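Keep in mind that this is a model prediction, so the values were computed, not measured. Residue numbers start from 1 in every chain, and the chains themselves are labelled A, B, ... in the order their sequence lines are given, proteins ahead of strands.
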Protein chains: 2
Amino acid sequence: MNVPTDKLPSLAAIKRMPMYLRVLKRMSEKAEFASATKVAEELGLEAIVVRKDLELAEVLGRPGVGYPIKDLIGGIENLLGWNNLSDAVLVGAGSLGTAILGYQGFANYGMNVVCAFDSDPAKEGSTIHNKKVLALSKMTGLVGRMHVQMGIITVPKEGAQEIADLMVAAGIRAIWNFAPIKLTVPEQVDVQNEDLAEGLAALSVKLTHKNKS
Amino acid sequence: MNVPTDKLPSLAAIKRMPMYLRVLKRMSEKAEFASATKVAEELGLEAIVVRKDLELAEVLGRPGVGYPIKDLIGGIENLLGWNNLSDAVLVGAGSLGTAILGYQGFANYGMNVVCAFDSDPAKEGSTIHNKKVLALSKMTGLVGRMHVQMGIITVPKEGAQEIADLMVAAGIRAIWNFAPIKLTVPEQVDVQNEDLAEGLAALSVKLTHKNKS
DNA sequence: TAGATTGTTAATCGATTAACAATC
DNA sequence: TAGATTGTTAATCGATTAACAATC
């Protein structure tokens, strides 16, 4: 049952979607239609970029008017799979884990963090930002029972591979990895690495370049 | 006093540098030379990518042998401007701010977070991960006195623009922004936006796609 | 000498930007 | 009708990948 082979979305475009979603949700309170021009202006982008990206939502726009905002939001959420929430578990209730647990609005981003796990007995049983912290030994069972698909790794890099192995064994299919290390996982498991140092590197070169010239 | 116009580094390559730095520092304990082949293997990249990227460090490699690791590390740090630490201040001592203050190894990434600021009087005077939290009103003076160049914004989006304005007025030249909002700043000020939702979007489409096919 | 790996030029690929007819 | 904006095709740009002679 294959759909007509859509244009395959570029990663760059996908990464811009959350930003569109935020702006569109705000605009939806005041208007019914949004033009690419307007959205671009709000975000400091070129209108052509926005128009190309919004194609991916597969919503017909009206020349001279713009796109119906509600449909656009629906289209983008559908593209990302954010129209029905995925359950996730987080392992590593340190300060980064805590920050992520406290991040408001993952619900807007298609994700429901069920609970956290930590191997430190002192943290076991506590509650962080309304999420229970459980013993790591309970993860496998819970993930299996609830068919949790997504795992978030916020442990120090030494323990990250081990946690990834546990997650994979438990049936998790996508890993959001904050440890600065390459994880080895079976190819059917998706991994998204976050590396804060990337952004800092980008900022640093700009600053350095500027100071030189 | 211009250098011979080097190849201008691509942003993608720059963002891979921290990863190289980590691997090379680890390898430097055991070996003197590292080949692009070996580095690529460690990181799950293609050797050609690594070879091209390492060009930017402007270190001569030896055919059949590889690159002198120490020099390579120096070259990369020099490229990024991480050989001499930049001072930074952080505004917003919430859970994300706390996580960043606690992040070990910014010293490896060329940055020294001097202290944090928060507008909540209850936090004033406290210490988070060994960094003092001061009243926001003290920021301008401190930044000016110490010639701090970099500002980190970890306040909720409602307050972010205001903080950016304060930072700019105080003389900050680069802003690392974690609030999900477009900041308006003079063009000579660099901004690096971090948006966790980007990575989540990328992971979500992969997962969604997989579940469909 | 044989094997590995660099440095560099050229080819490919993909994403961004431009152009413009169609249409609200 | 005039102005704005879409949808789409083509042109440009930049990054990745391939190829290979030079050399340790």
Steps toward salt bridge (charged side-chain N to carboxylate O under 4.0 Å, His left out) verdict (A:Glu77, A:Lys25): CA-CA 12 Å; A:Glu77 288 182 337; A:Lys25 282 181 178 173; 3.3 Å; yes
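With sequence neighbours excluded, the residues that form a side-chain hydrogen bond (donor to acceptor under 3.5 Å, both in side chains) with B:Asp53 are B:Arg16, B:Tyr20. Residues passing the ring-ring contact (aromatic ring centres under 6.0 Å, His included) test with B:Tyr103, sequence neighbours excluded: B:Phe106.
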Distance-only donor-acceptor hits, side chain of residues 151-160 of chain A, under 3.5 Å, sequence neighbours excluded:
from: A:Thr154; atom 1: OG1; to: A:Val91; atom 2: O; distance (Å): 3.1
from: A:Thr154; atom 1: OG1; to: A:Gly92; atom 2: O; distance (Å): 2.6

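Taking every heavy atom of both residues into account, A:Lys206 and B:Gln192 meet most closely at NZ-OE1, 4.3 Å. When all heavy atoms are compared, the tightest approach of B:Leu80 to A:Thr208 is O-OG1, 3.3 Å. Here the closest heavy-atom approach between residue B:Asp118 and residue B:Asp120 is recorded as OD1-N, 2.8 Å.
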Base versus backbone protein contacts along nucleotides 17-24 of chain D [heavy-atom cut-off under 4.0 Å; B, S, -]: BBBB--BB
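Within the structure, a side-chain polar atom (N or O) of A:Thr37 is placed less than 4.0 Å from OP1 or OP2 of D:dT5. Between B:Ser10 and the phosphate of D:dG14, there is no side-chain N or O to OP1/OP2 separation shorter than 4.0 Å.
Along DNA chain D, the nucleotide nearest A:Tyr67 and the nucleotide nearest B:Ala13 are compared for position; the residue whose nucleotide lies closer to the 5' end is A:Tyr67.
For the contact set between residues 20-34 of chain B and DNA chain D, defined by any heavy atom under 4.0 Å, there are no members.
The pair A:Glu32-A:Lys70 does not count as a salt bridge, with every side-chain nitrogen at least 4.0 angstrom from each carboxylate oxygen.
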Canonical and wobble pairing (Watson-Crick, G-U, under 3.5 Å) of DNA chain C, dot-bracket with |: ..||||||||||||||||||||||
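Residues A:Tyr67 and A:Arg51 have side chains that never bring a donor and an acceptor to within less than 3.5 angstrom of each other.
The one candidate from B:Val148, B:Leu142, B:Val133 that meets the side-chain contact (heavy atoms from CB on, under 4.5 Å) condition with B:Cys115 is B:Leu142.
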